[in-house]
Amino acid sequence: MPGRHRAYAVAAAAVVLGAAAAAVLGSAPAAAHGFSSTAYIDISSPEKGHVRAELGLEYDLLVVSAADAEKDDPLFKEGNAAFEDGDSAKQAAALDDHAGSVVKYVSDRFGVTTSSGACTPVQQGGFRIEEREGVPYTVLTLDYRCPEPAEAHEVRTGLFPDSEGYVRGTKTIVTYDLDLRSGSSALDDQHPTFSTQQSLSQRFWEFFRLGAEHLLTGLDHILFLLALIAGSRRLREIVLAATTFTLAHSVTFIFAALGLVRAPAAFIEPVIALSIAVVAGWHLWRLWRQGPLAADLHTPRGGHLSLDRAGRVRLAVVFCFGLVHGLGFASALGIDQAWSWKLLWSLLVFNVGIEVVQLTIIVAVFPLLAVLRHRAPRAGRWTTGVIAAAVAVMGLVWFVQRVLGI
């Protein structure tokens, strides 16, 4: 029987270490949100047969992509120089000077159609530049004239595809007030179209999927969760920690969507990286100070939440860092101003997608650690220590990179 227990412990340790190693070794040392772009499109209908689309597109990406696609080297030179100078007036002027190339690039990859055929776009006004989380965005307004009035419109997007080689995935967030319907949709290369006749369940699924994919591809949030799991001594600790984290980041996520709070990415991203290192380092410090007793709970009878003082302090730390992570989730969707109520529901669904993936990771990893700690306490300490050390190192590396802007 002891041999069987030892085999179970070794197998569990291998699975846990493998998961941690895959997360750490598969991660890039840069910011977790730096490999994709988000486009923002607001669609309305001033009159029948007339659709107006206001597009918000990342400026430097638009310049590079349009210049490359249309073989317009002067656009790249002028636009890149304006970007390096950080001069929004020069950036808008560069786009105005090469409006033909830019509008052709966009209209070839973004369109509105009805059952009667494609609507024809014409640029309305000049280009504007605005900032989203410290990044310059181009605002372009296109008026679409449709063959005839229609009861439904279909929107398609192929903006900034992976095949161009400049990004790894583009999310397009669409808000619309069209065909006597209003709502929002999330598009990407796997789901490039939507109809104004889409059902509520379809809209729910789009933002649920977007939230789930964000957590799965946002390694900083996954590593923070692994640090929480590694440092939790009992099931109630990880449940309380995860609940506290959820409540905290939900508060700031919603407040950001309502325009009540705002923080620059230059603050958010380094603090998120620091939170990973701190939470992981906390567990390493306990292992160093208490050794075999690190897994014990010192709970007096009637203690608050069945936690000892160390557990309650840890919850407070998790809550504070969770507030910042909520701003990070909001930043991932470019929320830097108050959004409409019709989009707020979709943002809440986005948050639900995040939580489902978070709970799935906890259910997959924590029971393995619990079995390992019970069957082989020494192996359990080493396993959680290795996980915490790897996570702490990665958090510190990210923190230094984000502070220095590397």
query: Which atom names give the shortest non-hydrogen contact between R314 and A241, and what distance separates them?
result: NH1-CB, 4.2 Å

message: So F267 and V271, do their side chains get closer than 4.5 Å, heavy atoms only?
response: yes

Derivation and outcome, side chain to side chain contact (heavy atoms under 4.5 Å, CB included), residues V102 and F127: CA-CA 10 Å; V102 176; F127 293 93; 3.7 Å; yes

message: Rounded at 0.5 Å granularity, tell me how far CG in N80 sits from CD in Q91.
response: 10.0 Å

- prompt: Would a 4.5 Å heavy-atom cut-off, applied to side chains only, mark T193 and V155 as touching?
  reply: no

field: Over all atoms of both residues, closest heavy-atom pair of A277 and A392
entry: CB-O, 3.8 Å

message: Can you give me the closest heavy-atom contact between C119 and T114, atom names plus distance?
response: SG-CG2, 4.0 Å

Side-chain H-bond candidate by donor/acceptor type, H283 with T384, under 3.5 Å: yes

- prompt: Counting N and O atoms only, with roles assigned by atom type, does the side chain of T170 sit under 3.5 Å from a partner on the main chain of F160, one being a donor and the other an acceptor?
  reply: yes

- prompt: In Å, rounded to the nearest 0.5 Å, how long is the span from CD of E78 to CG of D96?
  reply: 9.5 Å

query: Should the ring pair Y144 and F110 be called parallel, tilted or perpendicular, given that the plane angle runs from 0 to 90° and is split at 30 and 60?
result: perpendicular

statement: Taken to the nearest 0.5 Å, the spacing of T243 OG1 from F319 CZ works out to 12.5 Å

task: Check step by step if side chain to side chain contact (heavy atoms under 4.5 Å, CB included) holds for L95 and Y59.
output: CA-CA 9 Å; L95 296 174; Y59 171 80; 3.8 Å; yes

task: Establish, yes or no, whether a centroid distance under 6.0 Å links the rings of F321 and F245.
output: no

- line: In terms of heavy-atom contacts, I129 and P136 come closest through CG2-CB, 4.1 Å

message: Would you say H50 and S45 are linked by a side-chain donor-acceptor pair, where the criterion is simply a distance under 3.5 Å?
response: no

query: Do E58 and S37 have side-chain atoms, one donor and one acceptor, less than 3.5 Å apart?
result: yes

task: Heavy atoms only: give me the nearest L57-A39 pair and the separation to one decimal.
output: CD2-CB, 3.7 Å

- prompt: Has the side chain of S275 got a donor or acceptor atom that lies under 3.5 Å from a matching backbone atom of I272?
  reply: yes

message: Can you see whether D42 engages T175 through a side-chain donor-acceptor pair at a distance of less than 3.5 angstrom?
response: yes

query: What distance separates D72 CG from H98 NE2, expressed to the nearest 0.5 Å?
result: 5.5 Å

- prompt: So, S65 and E164: side-chain donor and acceptor under 3.5 Å apart, yes or no?
  reply: yes

- prompt: Taking all non-hydrogen atoms of both residues, which atom of L323 and which atom of A248 are closest, and how far apart?
  reply: CD2-O, 3.4 Å

CG-CG distance between D68 and D73, expressed to the nearest 0.5 angstrom: 9.0 Å

- prompt: Are the charged groups of K104 and D108 less than 4.0 angstrom apart, N to O?
  reply: yes

task: Under the side chain to side chain contact (heavy atoms under 4.5 Å, CB included) rule, what do Q123 and L142 come out as? Steps first, then yes or no, please.
output: CA-CA 5 Å; Q123 183 179 6; L142 294 176; 4.3 Å; yes

Any donor-acceptor pair under 3.5 Å from D85 side chain to D87 backbone: no

- request: List the steps and the verdict of side chain to side chain contact (heavy atoms under 4.5 Å, CB included) for T172 and D188.
  value: CA-CA 6 Å; T172 301; D188 57 24; over 6 Å; no

message: Is it the case that the side chain of R109 and the backbone of Y105 share a donor-acceptor pair, with hydrogens and angles ignored and the cut-off at 3.5 Å?
response: yes

- request: May I ask you to decide whether R402 forms a salt bridge with D220, counting only side-chain N to carboxylate O separations under 4.0 Å?
  value: yes

Under 3.5 Å: donor-acceptor pair, side chain of T113, backbone of A118: no

statement: Rounding to 0.5 Å, atoms CG (L327) and CD (E269) come to a distance of 10.5 Å

query: T138 pairs by side-chain contact (heavy atoms from CB on, under 4.5 Å) with which of L61, L55, V63, L62?
result: L62

message: Under a plain distance cut-off of 3.5 Å, with no hydrogens placed, do Q358 and H249 share a side-chain donor-acceptor pair?
response: no

